[in-house]
Amino acid sequence: MKDKLIIFDTTMRDGEQSPGASMTRDEKIRIGRALERLRVDVIEAGFPAASPGDFESVQAVANVIKDSTVCGLARALDKDIDRAGEALKGASHARIHTFIATSPLHMQKKLQMTPDQVIEYAVRAVKRARQYTDDIEFSPEDAGRSEEDFLCRILEAVIDAGARTLNIPDTVGYSIPQQFGATIKNLIERIPNSDKAIFSVHCHNDLGLAVANSLSAVMNGARQIECTINGLGERAGNASLEEVVMAVRTRQDVFACDTGIDTREILTCSKLVSSITGFPVQPNKAIVGANAFAHESGIHQDGVLKNRETYEIMRAEDVGWTANRMVLGKHSGRNAFKSRMTELGLVFDSEEELNDVFMRFKQLADKKHDIFDEDLQALVSEASFEAEDEFIKLISLKVCSETGEVPVARVTLRIDNQEVTGEAEGGGAVDASLKAIENLVQSKASLELYSVNNITNGTDSQGEVTVRLEKGGRIVNGLGADTDIVIASAKAYVNAVNKLQSSDLRQHPQKGNV
Ligand code: KIV
Ligand code: ZN
């Protein structure tokens, strides 16, 4: 019987710390549900003390997730622990994750505390967190650059105080696999009460070693990996969930443990996180990149046709890739539509939501002959993006674009129930359209990102556009999908402005100095 390797997903906490990857409460609920279908063991939903918006998001995720444990991050401060405890009240299984820095550099320069004071804060935080739940995780921040003797002291003390998961973060991505694995082994061997806790790792990817370091730790006794979908996370990101899970699964000859992940849900999660955050997945990304299972060379193609295993170590379908299948078309009825949505794990909270997406499907089917699974996923994304706060609505858009002429766009919006129309010129059709919208809405936000991705193949594919706007330190991502990318761009811009207007004022998490 193999050990269980616990998968702790921090896409909605560390992943959200990627500049621009902010998520609203409703987006976090959608990601949380997708992670639960993926059978992630622990979902770190946010940092409740960071802002009222973060608190509400963690609370909302805690209230809807039933199978996975929901976790909230807290500095080793009473007020943070209490906020996390409050936010997690409704959770079926709640975990509080508290942390404090332990490297000489962080203790002296950032915290300005002595090592003894740091231990005192850590123990106090763990004891306070236990008033809310028995499931307490402790992280010595910057463990990758901390002294092993000090780690042993503080970890022994927090286990005595009641911590049951000890997470060893390589906060700045400084470690090297062999050395990081040896550290985990030494800690487990040297800490007298280490058998009372599960050792976990949390690796950053600054040297491109986050997955390798995590796997080395597992080979040396760690039984929890903290990771994110698509490797999202602070700076160069965290260990990518799909890579660690598939490495452990594919190399069962090497690992003494396995995860409980339903790997067929990996691709859906990857696409969802990519579309919500506006972070595209590079084509050559392992497991979830568009080329991850594509064979270009004739020799490889020939080999795979003769025997798949000649050049493939995993099956594409095991991580959720299906051939672009035409699932529905213009004549498909509501029942066929609903049952395909259910098969794809796309759930609706109400009949109205289902009807709304069905109506969008019919409109799309009028423009596009073949409707693929990816199209259905985009329809749901777009509907839920729009549903959040539709103060401004795109009514119509007309663009004149001709060789040798300056493009002009004419747009009509409904703003707070009043129709307004405006025109603008631009460098191209998209530029003119977004300028015309901005003239009407006067958001005064700065455009941080504009990106277009085709959802399926073919010139009739829907384009999915992400627009990232920044105003007063607040960053939002707007999404729009359409077979016409100019219209998709306008939808995405309107969506982003609506989000800026919403009351969900959230700061970048993890501000503060303990
Ligand atoms: O990278 C890090 O050290 C963290 C901790 C809060 C675990 O994200
Ligand atoms: Zn981190």
Side-chain angles (χ1 to χ4, degrees), residues 6-19 21 42-50 54 58 69 71-77 80-81 83-84 95-107 109-111 118 121-122 125-126 129 135-146 150-151 154-155 158 163-175 180 183-184 187 197-211 213-214 217 222 224-241 244 507-514:
I6 297 166
I7 295 297
F8 176 115
D9 178 277
T10 182
T11 307
M12 297 197 275
R13 199 278 298 168
D14 214 319
E16 200 193 17
Q17 287 173 219
S18 309
V42 187
I43 299 174
E44 189 165 50
F47 186 179
D54 230 317
V58 175
T69 294
C71 176
L73 183 70
R75 289 169 298 181
L77 295 175
D80 276 34
I81 304 278
R83 285 299 271 169
R95 172 179 295 189
I96 295 178
H97 175 193
T98 186
F99 72 100
I100 190 163
T102 51
S103 63
L105 185 69
H106 277 228
M107 289 192 290
K109 303 288 177 203
K110 184 180 86 164
L111 301 178
V118 168
Y121 267 65
V126 169
D135 190 350
I136 311 300
E137 171 169 328
F138 173 76
S139 290
E141 192 193 6
D142 203 18
R145 293 187 299 172
S146 301
F150 184 58
L151 285 178
I154 193 166
L155 294 176
V158 294
R164 288 296 163 260
T165 303
L166 301 182
N167 178 48
I168 312 301
D170 183 21
T171 304
V172 291
Y174 181 70
S175 299
F180 192 62
T183 302
I184 301 301
L187 292 176
I198 288 174
F199 280 72
S200 164
V201 288
H202 172 112
C203 297
H204 279 272
N205 206 28
D206 300 66
L207 293 173
L209 293 171
V211 169
N213 283 332
S214 305
Q224 174 177 288
I225 293 189
E226 300 201 355
C227 46
T228 57
I229 301 289
N230 300 337
L232 205 66
E234 185 91 42
R235 304 182 310 279
N238 288 67
S240 125
L241 180 147
V244 291
Q507 298 282 321
H508 194 276
Q510 226 168 303
K511 290 225 163 106
N513 52 19
V514 171

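No hydrogens, no waters, no symmetry mates; every other heavy atom, side chains included, goes into these values. In listed order, ligands and their atoms are each counted from 1.
Looking at ligand 1, you'll find an N or O of D14 within less than 3.5 Å of one of its N or O atoms. Polar contact check, H204 against ligand 1: a nitrogen or oxygen pair lies under 3.5 Å apart. At a 3.5 angstrom cut-off on N or O pairs, E141 does not count as close to ligand 1. Residue R13 places at least one N or O, backbone or side chain, under 3.5 Å from an N or O of ligand 1. Close N/O approach between E226 and ligand 1 is not found [any backbone or side-chain N/O within under 3.5 Å].
With sequence neighbours excluded, the residues that form a side chain to side chain donor-acceptor pair (under 3.5 Å) with T11 are D9. By the side chain to side chain donor-acceptor pair (under 3.5 Å) test, S175 pairs with D170, sequence neighbours left out. For the side chain to side chain donor-acceptor pair (under 3.5 Å) test, residues two or more places apart in sequence or in another chain that qualify with S103 are D142.
Closest non-hydrogen pair, A84 versus L73, comes out as CB-O, 4.4 Å.
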* Show your reasoning for whether side-chain contact (heavy atoms from CB on, under 4.5 Å) applies to F47 and R75. => CA-CA 9 Å; F47 186 179; R75 289 169 298 181; 3.9 Å; yes
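Within a 6.0 Å sphere centred on OH of Y174, heavy atoms belonging to other residues, nucleotides or ligands number 12 at most.
Between H202 and the options T10, D14, T171, a side chain to side chain donor-acceptor pair (under 3.5 Å) holds for only D14.
Of all protein N/O/S atoms, those lying under 2.8 Å from the Zn ion (ligand 2) come to 3.
Residues E226 and R13 are not paired through a salt bridge, judged by the lack of any N-O separation under 4.0 Å between the basic side chain and the carboxylate.
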